[in-house]
K.L.:
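Could you have a look at this structure, given as structure tokens, before my questions?
Computed over heavy atoms, backbone and side chain alike; hydrogens, waters and symmetry mates excluded. Protein chains get the first letters and strands the later ones, always in sequence-line order, with residue 1 at the start of each. Bear in mind that the values here come from a model prediction, so they are computed numbers and not experimental data.
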2 protein chains.
Amino acid sequence: MPRPTKQSPERGGARIRLLEAARDIIRAKGFAATTVDDLCKTAAVTKGAFFHNFGSKDALGVAAAEFWAETTSGFFAAASYHDPADALERILAYVAFRKAIIAGDLAAFTCLVGTMAQEVYASSPDIRDACGRSIFGHTATLEADIEAARRDHGIAGDWTAESLARHTQAVIQGAFILAKAGNDPALARESLDHLDRYIRHLFHVAEDDAK
Amino acid sequence: MPRPTKQSPERGGARIRLLEAARDIIRAKGFAATTVDDLCKTAAVTKGAFFHNFGSKDALGVAAAEFWAETTSGFFAAASYHDPADALERILAYVAFRKAIIAGDLAAFTCLVGTMAQEVYASSPDIRDACGRSIFGHTATLEADIEAARRDHGIAGDWTAESLARHTQAVIQGAFILAKAGNDPALARESLDHLDRYIRHLFHVAEDDAK
DNA sequence: TGACATATACCGACTGTATGGTATGTATAG
DNA sequence: CTATACATACCATACAGTCGGTATATGTCA
């Protein structure tokens with residue numbers, strides 16, 4: 001990704017390249033260990049460009065969380081797990097989709113805002129809240145399907161769609177931690193199998209043999 | 001916690017005080033944001049003491065993970081959730097216990113090694129592996145009970161005791177992340193309710209009304 | 001149309017301080 | 001007399017952030 005020259009000025013690219021660099025580097029090293037110089041080098045911009053676009057390193061953290069929220073919501077909105085006509089099938093397809101994208105390099109599939117929230121929740125409330133909005137904004141996209149599936153299948157139970165949606169996220173985030181601690185993505189996929197089984201249990205449907 | 005004087009030399013205390021400081025500060029600020037000076041100040045020792053006991057900041061990270069493994073394994077071994085004669089009841093008591101200790105300040109109940117593993121998994125393999133040993137060492141303590149409960153209740157199912165033990169940890173770790181992101185411990189307890197429900201489903205027992 | 005002003009987006013050298021780490025000294029135990 | 005467990009002063013570097021400058025786009029008024 002070449003620097004914009006003075007002749008062909010696609011200027012304004014610095015901000016996006018810095019956010020992309022932040023997304024990749026922070027997932028690998030964490031927020032505190034990521035330096036402004038790291039980001040500038042990877043994005044091929046100077047410090048002047050950094051502090052022109054972001055008032056501080058913390059401000060970049062907030063912007064990175066918002067950038068993550070925007071790009072991932074687009075990514076999930078476009079995914080095919082929304083296709084099934086049955087709401088429960090959409091939920092199970094979502095879990096299967098989350099499992100399917102867990103592969104390859106850890107920093108490539110783990111969650112930026114989960115990582116950042118874990119690290120800065122006490123020292124940087126602004127970043128923490130931006131991460132919170134990203135996470136809980138995503139869980140909210142599941143609620144309607146859970147609610148619909150519950151109606152369709154006549155499920156009672158002393159749980160809410162909201163809490164199940166959040167629990168889904170908790171399992172995913174926790175799965176990432178085990179994968180990192182054990183340095184093995186399979187540890188994450190394993191937990192998603194349990195989540196799949198739990199949801200099928202809740203809705204009284206049989207387990208999927210082809211796993 | 002006073003400094004050991006030359007008159008009443010409880011010397012050797014520096015190492016433990018540094019490990020306790022690491023446990024508390026790293027849980028609040030993360031590993032990278034925790035400085036050696038922070039630790040020395042809180043432990044009331046000098047830098048000389050720090051680098052006498054630990055060869056580097058990374059070495060302290062490894063030692064902190066091992067210290068965590070030791071102290072928590074003692075803590076859990078002594079807990080009363082082991083009391084019930086029935087293995088399944090012990091498992092459910094474990095989940096209830098984990099839920100019960102989620103209260104008050106976030107840094108007081110969250111997991112040091114989960115936090116560290118998340119942050120340094122790529123940049124410091126030594127710390128990562130020490131965290132992994134702590135986490136998976138703990139999950140291993142659940143396996144015997146899960147295996148026994150499975151026999152006692154005649155449960156088949158295409159899952160292993162090992163994977164369920166790990167999933168339990170994943171839920172707990174993920175619950176901590178949601179609690180941090182939402183700045184509310186109730187978000188963590190909520191996921192443990194789902195975990196409780198999942199385990200009861202797996203073993204075909206009724207839900208607990210008194211929750 | 002052209003001259004001029006203003007704003008945007010970026011560059012790159014510089015700075016004060018914080019940080020991990022070192023070197024040397026000292027009191028005490030055995 | 002030696003090893004341990006510190007204390008203290010010091011160092012090189014890395015870090016977030018600053019500041020003065022430049023190239024380009026855009027607006028505006030004669």
K.L.:
Could you tell me the separation between the NE2 atom of A:His52 and the P atom of D:dC19, rounded to a whole number of Å?
P.N.:
16 Å

K.L.:
Going by atom types alone, do A:His201 and B:Tyr198 pair a side-chain donor with an acceptor below 3.5 Å?
P.N.:
no

K.L.:
Holding to side-chain contact (heavy atoms from CB on, under 4.5 Å), I want the full list of residues that pass it with B:Ala69, two or more places apart in sequence or in another chain.
P.N.:
B:Ser134

K.L.:
I need the residues from residues 116-124 of chain A with at least one non-hydrogen atom less than 4.0 Å from DNA chain D; give them sorted by number, or say none.
P.N.:
none

K.L.:
Could you pull out all residues at least two apart from A:Thr160 that satisfy side-chain contact (heavy atoms from CB on, under 4.5 Å)?
P.N.:
A:Glu162, A:Ser163

K.L.:
Write down the distance between CG (A:Asp38) and P (D:dA16), rounded to a whole number of angstrom.
P.N.:
8 Å

K.L.:
Show me, pair by pair, the donor-acceptor contacts under 3.5 angstrom made by side chains of residues 105-123 of chain B, not counting sequence neighbours?
P.N.:
| residue | atom | partner | partner atom | Å |
| --- | --- | --- | --- | --- |
| B:Thr110 | OG1 | B:Leu106 | O | 3.0 |
| B:Thr115 | OG1 | B:Cys111 | O | 2.9 |
| B:Thr115 | OG1 | B:Lys180 | NZ | 3.3 |
| B:Gln118 | OE1 | A:Lys180 | NZ | 2.6 |
| B:Glu119 | OE1 | B:Phe31 | N | 2.8 |
| B:Glu119 | OE2 | B:Phe31 | N | 3.4 |
| B:Glu119 | OE2 | B:Ala32 | N | 2.9 |
| B:Tyr121 | OH | A:Arg27 | O | 3.1 |

K.L.:
Please report, to 0.1 Å, the donor-acceptor pairs under 3.5 Å made by any side chain of residues 74-88 of chain A, with sequence neighbours excluded.
P.N.:
| residue | atom | partner | partner atom | Å |
| --- | --- | --- | --- | --- |
| A:His82 | NE2 | A:Phe76 | O | 2.9 |
| A:Asp86 | OD2 | A:Leu88 | N | 3.3 |
| A:Asp86 | OD2 | A:Glu89 | N | 3.1 |

K.L.:
Distance check, rounded to the nearest 0.5 Å: A:Arg23 atom CZ versus A:Ile16 atom CD1?
P.N.:
11.0 Å

K.L.:
From C-beta outward on B:Asn53, which listed nucleotide comes closest to its side chain: C:dC10, C:dG20, D:dC6?
P.N.:
D:dC6

K.L.:
Less than 4.0 angstrom from a charged side-chain N to a carboxylate O is my criterion; do A:Asp196 and A:Lys99 meet it?
P.N.:
no

K.L.:
For a side-chain hydrogen bond (donor to acceptor under 3.5 Å, both in side chains) with B:Ser191, tell me which candidate from A:Gln169, A:His167, A:Arg166 qualifies.
P.N.:
A:His167

K.L.:
Of all the nucleotides listed (D:dA16, C:dC11, D:dC6), which has the minimum atom distance to the side chain of A:Val45?
P.N.:
C:dC11

K.L.:
B:Leu60 CG to C:dT19 C1': how many Å, rounded?
P.N.:
15 Å

K.L.:
To the nearest Å, how far apart are A:Asp37 CG and C:dA13 P?
P.N.:
13 Å

K.L.:
Extract from the structure each pairing of a protein N or O with an N or O of nucleotides 21-23 of chain C at less than 3.5 Å, listing the distance.
P.N.:
| residue | atom | partner | partner atom | Å |
| --- | --- | --- | --- | --- |
| C:dG21 | OP2 | B:Lys57 | N | 2.9 |
| C:dG21 | N7 | B:Lys47 | NZ | 3.3 |
| C:dG21 | O6 | B:Lys47 | NZ | 3.0 |

K.L.:
Rounding to a whole Å, what distance do you find between A:Lys41:NZ and C:dG12:P?
P.N.:
15 Å

